[in-house]
Undergrad: 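Here it is, the structure in full.
Side chains are part of it too, since the values below use all heavy atoms of this structure and drop only hydrogens, waters and symmetry mates. Not measured: the values here are computed from a predicted model.
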Amino acid sequence: MIILDIENIYEKERVLIAGIYFDKEEIGINNSMDELQELVEEAGGEVVLRVIQKKDHIDSAFFVGRGKVEEIRNYCEDLKIDTVAFNDELSGAQIKNLEDAIDRKVIDRTNLILDIFARRAATKEGKLQVKLAQLQYMLPRLIGMRDYLSREGGGIGTRGPGEQKLETDRRHVLREITNIEKQLKSIEKIREVKRKKRLASNLPIVALVGYTNAGKSTLLNKILEISGESSVKDVFAYDMLFATLDVSYRRAKLPKGQYFLITDTVGFINKLPVKLVEAFKGTLEEIKYADLLLHVVDVSNRDVDIQIKTTYNILKEMGVIDKPIITVLNKIDKVDIYNTYYDQNIVKEKVFISAEKKINLGILMDTIEKMIPQKFFYVALKIPYDKQNLLSNICENYNTENLKYEEDGVYLNVSLNSIDFERYKEYILF
């Protein structure tokens, strides 16, 4: 038990965080509780105290032992605690029992993550996806959550449906879920049309994946900058958990001039809620269509090995672990990389960079060019004037050289991918 702060913080909820661990998890529990504290702070709370219990099994009624429940109740009274946050997912019965015993609002890790997602979602699709995950989480827990969802200004863990005074009627929630799923299906149809257009362009697709706050969005913006595409609107990048919830594509350029599409994705985290993964299925599926994954890692984080393994486990569950992957060990300006431990058996192709300081970005771009499955062929073309649609397509998707307009057609040099090489074969001079 560690007291972190007992000063009265008037503008923030005072939170006690609690967790349990088994015999072989003593080291891991401290890292996990640190992460829980970050989640609380991102949600707008102030962690006053942390309580950790070693147990052989989870108590089905209270999650922690009954003696620990009484201990937590006393801490809440002495330290004027508003909320108790648990490091694992609780059942509806556990939430109800704990709230009755402690007389405080009780939330769990899943609830916190959903709460942060509710604050970060900006687009219609993102908001619908978060709301769907919240409703699916709340459905089996309506009894336990009824009391604090009905309060004015419920605070942490009550954003989204909670703030809307959501009826705790099961049928109403089910109708809401059905309605949201229909809306998401309509949006998915639009996404599918856009996806077909991207695939038809034959441009390689690179997806940034990795732990939340590893620097994915910052790296994407720097790649756009060095690709000469800085006129394109930057993606939102900030030092916070889950800064990116919505997938968007940008066009960038490889060192030899070939264009490719690059996209940021939702950041991962340990114990990422299953319902959240299911709700964001349409968004996360974009990873499956990528030709190459850039696994961005915050190498300065003391839990770098755990974060790498967490990301790889999620990629494995998504069925994309066999795709070409470059592990991008970011933020080397903040750490001695020679004293950094991570499992070398997991990390294969890797590049050490600092996106913020633009260190080794050229090496990364060369590695991307090498690792993209598509092969490129440097050719000379002659496009007849009655085939200007072909010329327009080439100029839009490639970096052309020596463009000349002659009497019998337009001459140019370009590096074509293997698909377009076959498509424009009859126009190739050499």
Undergrad: Flag the pair I17 / Q37 as yes when at least one side-chain heavy-atom distance between them is below 4.5 Å, and no otherwise.
TA: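 Contact flag for I17/Q37 side chains = yes.
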
Undergrad: What's the verdict on side chain to side chain contact (heavy atoms under 4.5 Å, CB included) for F63 and E89, showing C-alpha distance, side-chain angles and the deciding distance?
TA: CA-CA 9 Å; F63 185 72; E89 193 167 294; over 6 Å; no

Undergrad: Look only at the side chain of T367 and the backbone of I363, and say whether a donor-acceptor pair between them is shorter than 3.5 Å.
TA: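 Yes, T367 side chain to I363 backbone: donor-acceptor pair under 3.5 Å.
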
Undergrad: Examine distances only and state if a side-chain atom of R119 and a backbone atom of A43 form a donor-acceptor pair shorter than 3.5 Å.
TA: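 Such a contact is found between R119 side chain and A43 backbone.
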
Undergrad: Identify the residue among I306, L36, N301 that makes a side chain to side chain contact (heavy atoms under 4.5 Å, CB included) with N31.
TA: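 With N31 as partner, side chain to side chain contact (heavy atoms under 4.5 Å, CB included) holds for just one option, I306.
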
Undergrad: Test K12 against E41 for side chain to side chain contact (heavy atoms under 4.5 Å, CB included), laying out the working first.
TA: CA-CA 9 Å; K12 296 183 179 181; E41 291 169 351; over 6 Å; no

Undergrad: Which atom names give the shortest non-hydrogen contact between P204 and I372, and what distance separates them?
TA: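 Answer, listing the atom of P204 first, then I372: CB-CG2, 3.7 Å.
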
Undergrad: Would you say the rings of F268 and Y211 are close, in the sense that their centroids are separated by under 6.0 Å?
TA: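 Judged by ring-centre distance (under 6.0 Å), Y211 and F268 do not meet the cut-off.
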
Undergrad: Just one of L98, I107, V51 clears the side chain to side chain contact (heavy atoms under 4.5 Å, CB included) bar with F86, so which one?
TA: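 Looking at L98, I107, V51, the match for F86 under the side chain to side chain contact (heavy atoms under 4.5 Å, CB included) is L98.
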
Undergrad: Within the 4.5 Å heavy-atom criterion, are K222 and K358 side-chain neighbours or not?
TA: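 Yes. Closest side-chain heavy atoms under 4.5 Å.
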
Undergrad: Is it the case that the side chains of E407 and Y385 hold a donor-acceptor pair, with the cut-off being a distance below 3.5 Å and no angle test?
TA: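 Judged by distance alone, the side chains do not pair up.
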
Undergrad: Taking atom CG of L294 and atom CD1 of I368, what is their separation to the nearest 0.5 Å?
TA: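 L294 CG to I368 CD1: 4.5 Å, rounded to 0.5 Å.
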
Undergrad: Could you state the interatomic distance from NE2 (H172) to CD (E176), rounded to the nearest 0.5 Å?
TA: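 These two atoms lie 4.5 Å from each other.
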
Undergrad: Ignoring hydrogens and geometry, is there a side-chain-to-backbone donor-acceptor pair from Q94 to S91 under 3.5 Å?
TA: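 Yes, Q94 side chain to S91 backbone: donor-acceptor pair under 3.5 Å.
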
Undergrad: Identify the heavy atoms of I325 and M371 that sit nearest to each other, and give their distance.
TA: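 Nearest heavy atoms, I325 then M371: O-CE, 4.0 Å.
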
Undergrad: How many angstroms lie between atom NZ of K350 and atom OG1 of T327, to the nearest 0.5 angstrom?
TA: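 Reported to 0.5 Å precision, the distance equals 8.5 Å.
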
Undergrad: Are any non-hydrogen side-chain atoms of Q136 and I177 less than 4.5 angstrom apart?
TA: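 Sidechains of I177 and Q136: in contact.
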
Undergrad: Any donor-acceptor pair under 3.5 Å linking the side chain of S227 with the backbone of A252?
TA: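 No: the side chain of S227 does not pair with the backbone of A252.
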
Undergrad: Decide yes or no on side chain to side chain contact (heavy atoms under 4.5 Å, CB included) for V328 and L219, but give the supporting numbers first.
TA: CA-CA 10 Å; V328 184; L219 177 58; 4.1 Å; yes

Undergrad: Is the closest basic N to carboxylate O distance between E188 and K185 below 4.0 Å?
TA: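 Result for this pair is no, no salt bridge flagged.
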
Undergrad: Using 30° and 60° as the class limits, which term best fits the ring planes of F352 and Y342: parallel, tilted or perpendicular?
TA: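 Taking Y342 first and then F352, their aromatic rings sit tilted (interplane angle of 30° to 60°).
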
Undergrad: Is there a donor-acceptor contact under 3.5 Å from the side chain of E426 to the main chain of E422?
TA: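 Answer holds: no.
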
Undergrad: Check for a donor-acceptor pair, side chain of K323 on one end and backbone N or O of A290 on the other, with a separation under 3.5 Å.
TA: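 Side chain of K323 to backbone of A290, a donor-acceptor pair under 3.5 Å: yes, one is there.
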
Undergrad: Could you please spell out the steps behind the side chain to side chain contact (heavy atoms under 4.5 Å, CB included) verdict for I116 and L39?
TA: CA-CA 8 Å; I116 296 169; L39 291 170; 3.6 Å; yes

Undergrad: Output yes when K382 and E406 qualify as a salt bridge under the 4.0 Å nitrogen-oxygen rule, no when they do not.
TA: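 A salt bridge is absent here (no side-chain N lies under 4.0 Å from a carboxylate O).
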
Undergrad: Might you point out which heavy atoms bring L416 and L381 nearest each other, and give the distance in Å?
TA: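 Nearest heavy atoms, L416 then L381: CD1-CD1, 4.3 Å.
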
Undergrad: Look up atom CG in L184 and atom NZ in K124, then write down how far apart they are to the nearest 0.5 Å.
TA: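 Output value for this atom pair is 9.0 Å.
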
Undergrad: Find the distance between CD1 (I205) and CG (L293) and round it off to the nearest 0.5 Å.
TA: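 Going from CD1 on I205 over to CG on L293, the span is 11.5 Å.
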
Undergrad: Quick one: do E13 and K105 satisfy salt bridge (Lys or Arg N to Asp or Glu O under 4.0 Å)? Show the steps, please.
TA: CA-CA 11 Å; E13 286 184 50; K105 181 174 67 179; 3.2 Å; yes

Undergrad: Answer yes when E35 and R109 have at least one side-chain N-carboxylate O distance shorter than 4.0 Å, and no when they do not.
TA: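 Yes, E35 and R109 are salt-bridged.
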
Undergrad: Please determine, by modelled atom types, if N330 and D298 share a side-chain donor-acceptor pair under 3.5 angstrom.
TA: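 Distance-only check fails for N330 and D298.
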
Undergrad: Do I394 and I383 have side chains that approach each other closer than 4.5 Å (heavy atoms only, starting at C-beta)?
TA: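 The answer is yes, as the side chains (C-beta and beyond) meet within the 4.5 Å cut-off.
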
Undergrad: Are side-chain heavy atoms of S354 and K331 found at a separation under 4.5 Å?
TA: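 The answer is no, as the side chains (C-beta and beyond) never meet within the 4.5 Å cut-off.
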
Undergrad: How far does CG of L114 sit from CE of M138, to the nearest 0.5 angstrom?
TA: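 Atom-to-atom, L114:CG and M138:CE are 10.0 Å apart.
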
Undergrad: Do D108 and N111 have a side chain donor and acceptor closer than 3.5 Å?
TA: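 The answer is no; no qualifying pair exists.
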
Undergrad: Using the benzene-type ring in the case of Trp, are the ring centres of H295 and Y312 under 6.0 Å apart?
TA: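 Ring centroids of H295 and Y312 are less than 6.0 Å from each other.
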
Undergrad: Looking at every heavy atom in both T218 and A355, which two are closest together, and how far apart are they?
TA: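 Looking at all heavy atoms of both residues, the closest pair is CG2-CB, 4.0 Å.
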
Undergrad: Cut-off 3.5 Å, side chains only: do N393 and Y424 have a donor facing an acceptor?
TA: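 Checked: N393/Y424 side chains pair up, N/O donor to acceptor below 3.5 Å.
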
Undergrad: Going by heavy atoms in the side chains, are V15 and V84 under 4.5 Å from each other?
TA: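 Answer no - side chains too far apart.
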
Undergrad: Using side-chain heavy atoms (C-beta onward) and a distance below 4.5 Å, is K189 in contact with V193?
TA: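 No. Closest side-chain heavy atoms not under 4.5 Å.
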
Undergrad: So which of Q183, K127, E181 actually passes side chain to side chain contact (heavy atoms under 4.5 Å, CB included) with L132?
TA: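 Going through the options one by one, the only one that passes is E181.
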
Undergrad: Under a 4.0 Å threshold between the charged nitrogen and the carboxylate oxygen, would K309 count as salt-bridged to D305?
TA: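 Yes, charged N to carboxylate O under 4.0 Å.
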
Undergrad: Grab the two heavy atoms, one from P324 and one from L292, that are nearest each other, plus how far apart they are.
TA: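 Closest heavy-atom pair between P324 and L292: O-CD1, 3.3 Å.
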
Undergrad: Indicate the atoms forming the closest heavy-atom contact of L412 with L391, along with that distance.
TA: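 In this case the closest contact between L412 and L391 is CD2-CD1, 4.1 Å.
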
Undergrad: Would you say that more than 12 heavy atoms from the other residues, nucleotides or ligands in this model lie under 6.0 Å from the NZ of K334, or not?
TA: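 Count not over threshold, so no.
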
Undergrad: Under 3.5 Å, is there a donor-acceptor pair between the side chain of E99 and the main chain of V106?
TA: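 Side chain of E99 to backbone of V106: a pair is present.
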
Undergrad: Do V206 and D291 touch side chain to side chain, with heavy atoms closer than 4.5 Å?
TA: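 Of all side-chain heavy-atom pairs linking D291 with V206, none is under 4.5 Å.
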
Undergrad: With a cut-off of 6.0 Å (strictly less than), are more than 12 heavy atoms of other residues, nucleotides or ligands near NZ of K348?
TA: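 Result for NZ/K348: enclosed.
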
